[in-house]
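Okay, so here's the structure we're looking at.
Below, each value reflects all heavy atoms present in this structure, side chains not excepted, and no hydrogens, waters or symmetry copies. So that the names make sense, note that chain A is the first sequence line, chain B the second, and so on, each numbered from 1.
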Amino acid sequence: MEVRDLHPWPATPEAALAIQDRLRPLLVLDEPGPAEPRTVAGLDVSYAGDGGGTGARLAAAAVVLDATTLDVLEESVVTGTAAFPYVPGLFAFRELPALVEALRGLETTPDLLACDGYGVAHPRRFGLACHLGVLTGLPTIGVAKTGFVGAYEPPGARRGDASPLTEGGEVVGRVLRTQDGVKPVFVSVGHRAGLDDACRAVLDLARDHRLPETTRRADRLSRDALTARPPAA
DNA sequence: GCGACAG
DNA sequence: ATCTTGTCGC
């Protein structure tokens with residue numbers, strides 16, 4: 001699929017912040033849906049060694065699933081290095097170049113992109129899912145495994161139970177229980193998506209497990225790619 | 001000032 | 001994210 005060229009990559013947190021400020025106005029947050037995506041791509045990155053610095057070896061994967069059957073339709077994986085150190089709030093700058101490369105390797109243009117992390121539930125309302133939405137123009141959502149920003153009440157114990165994730169009086173996402181009795185996941189919209197449809201999609205994708213099948217597939221693919229032959233002269 | 005802090 | 005043993009459950 002096509003992905004817009006990346007802006008010059010920031011070398012400092014200050015430069016990264018400036019880019020988020022510049023791109024945020026391009027976000028489209030008044031669209032509902034996608035109501036019935038036929039294809040959904042899951043994105044994830046795995047690392048080797050070095051935990052949080054720049055230059056760590058990594059593998060980024062994009063896996064397209066049939067949203068109804070959860071069958072894998074297409075896979076794309078690339079290896080590379082971390083483009084930025086891990087800084088909460090600037091997480092996207094670490095993985096975006098590799099993820100974009102993985103997306104460009106897809107023949108398919110998915111109806112929805114499911115990212116590992118947050119969308120607007122972010123200190124400056126511009127998490128990874130938002131950034132990827134602006135770069136691709138596609139509807140994106142963020143699904144995170146742990147909390148980051150916002151307050152919430154624990155959702156009910158059954159699959160489908162949810163409670164709002166709020167910050168400063170506004171709802172920035174939803175804490176969603178995807179299976180009975182498991183820890184909930186944190187869903188937030190990224191670009192051109194509505195929270196209700198986002199949660200519907202996550203619930204459909206998390207039919208058999210706590211995490212969406214998209215995330216699980218991308219995680220496995222990226223991890224396997226890293227385990228395989230490291231270099232490739 | 002002191003924690004907390006997506007992956 | 002990744003480093004790690006054993007252990008409980010389907």
Side-chain angles (χ1 to χ4, degrees), chain A residues 10 13 16-17 19-20 24 27 42-63 77-102 113-133 140-152 159 165-168 172-176 178-191 193 195 198 202 207-212 214-228 230:
Chain A
L17 286 177
I19 290 172
Q20 291 184 330
R24 191 181 319 98
L27 266 188
L43 305 169
D44 194 26
V45 175
S46 292
Y47 296 84
D50 172 47
T54 304
R57 202 164 63 85
L58 58 74
V63 180
V77 61
V78 301
T79 56
T81 54
F84 205 81
Y86 171 65
V87 179
L90 299 177
F91 171 59
F93 294 93
R94 185 169 176 72
E95 321 194 315
L96 226 33
L99 287 173
V100 164
E101 202 183 324
L113 260 37
C115 309
D116 215 44
Y118 283 95
V120 298
H122 175 277
R124 289 169 299 283
R125 303 289 182 272
F126 201 73
L128 173 66
C130 299
H131 206 141
L132 215 36
T140 62
I141 62 174
V143 183
K145 306 177 222 33
T146 62
F148 181 33
V149 296
Y152 62 93
R159 165 176 161 85
L165 180 65
T166 63
E167 180 171 85
V172 294
R174 196 171 291 165
V175 184
L176 176 67
T178 55
Q179 294 289 326
D180 292 356
V182 304
K183 282 175 40 176
V185 298
F186 300 74
V187 181
S188 55
V189 303
H191 181 62
L195 190 52
V202 170
R207 183 188 64 191
D208 306 323
H209 303 277
R210 173 190 176 230
L211 296 179
T214 37
T215 300
R216 292 167 48 82
R217 292 288 185 171
D219 177 75
R220 179 186 301 182
L221 179 58
S222 62
R223 194 163 310 197
D224 289 350
L226 212 47
T227 302

Nucleotides 4-6 of chain B: which of its N/O atoms have a protein N/O under 3.5 Å away?
{"residue": "B/dA6", "atom": "OP2", "partner": "A/Tyr86", "partner atom": "OH", "Å": "2.5"}
{"residue": "B/dA6", "atom": "N7", "partner": "A/Gly89", "partner atom": "N", "Å": "3.3"}
{"residue": "B/dA6", "atom": "N6", "partner": "A/Gly89", "partner atom": "O", "Å": "3.4"}
{"residue": "B/dA6", "atom": "N6", "partner": "A/Phe91", "partner atom": "N", "Å": "3.3"}
{"residue": "B/dA6", "atom": "N6", "partner": "A/His122", "partner atom": "NE2", "Å": "3.4"}
{"residue": "B/dA6", "atom": "N1", "partner": "A/Leu128", "partner atom": "N", "Å": "3.3"}
{"residue": "B/dA6", "atom": "N3", "partner": "A/Tyr118", "partner atom": "N", "Å": "3.1"}

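Partners of A/Lys145 under the side-chain hydrogen bond (donor to acceptor under 3.5 Å, both in side chains) rule, at least two apart in sequence or in another chain, are A/Asp116. A/Arg217 pairs by the side-chain hydrogen bond (donor to acceptor under 3.5 Å, both in side chains) definition with nothing, not counting sequence neighbours. For A/Arg24, the side-chain hydrogen bond (donor to acceptor under 3.5 Å, both in side chains) partners are A/Asp21, not counting sequence neighbours. Contacts of A/Pro10 classified as side-chain contact (heavy atoms from CB on, under 4.5 Å), with partners at least two apart in sequence or in another chain: A/Ala15, A/Ala16, A/Ile19, A/Phe84, A/Phe93. In this structure, the side-chain contact (heavy atoms from CB on, under 4.5 Å) partners of A/Asp180, at least two apart in sequence or on a different chain, are A/Arg158, A/Arg159. Applying the side-chain hydrogen bond (donor to acceptor under 3.5 Å, both in side chains) criterion to A/His131, with sequence neighbours excluded, gives A/His7. By the side-chain contact (heavy atoms from CB on, under 4.5 Å) test, A/Ala129 pairs with A/Cys115, A/Thr140, sequence neighbours left out.
Residue pairs satisfying the salt bridge (Lys or Arg N to Asp or Glu O under 4.0 Å) criterion with at least one member in residues 119-130 of chain A, sequence neighbours excluded, are listed as follows: A/Arg125-A/Glu167, A/Arg125-A/Glu170.
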> Pairs counted as Watson-Crick or G-U wobble with both distances under 3.5 Å: what dot-bracket string results for DNA chain B, using | for bases tied to another strand?
Replying inline: .......
> Starting at the 5' end of DNA chain C, what dot-bracket string do you get if Watson-Crick and G-U pairs under 3.5 Å are bracketed, crossing pairs use [ ], other-strand pairs use | and unpaired bases use dots?
Replying inline: ..........
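Each of A/Asp44, A/Val77, A/Leu226 was checked for a side chain to side chain contact (heavy atoms under 4.5 Å, CB included) with A/Leu221, and the lone residue meeting it is A/Val77.
Residue A/Asp180 contributes atom CG, which lies 16 Å from atom C1' of C/dG9 at whole-angstrom precision.
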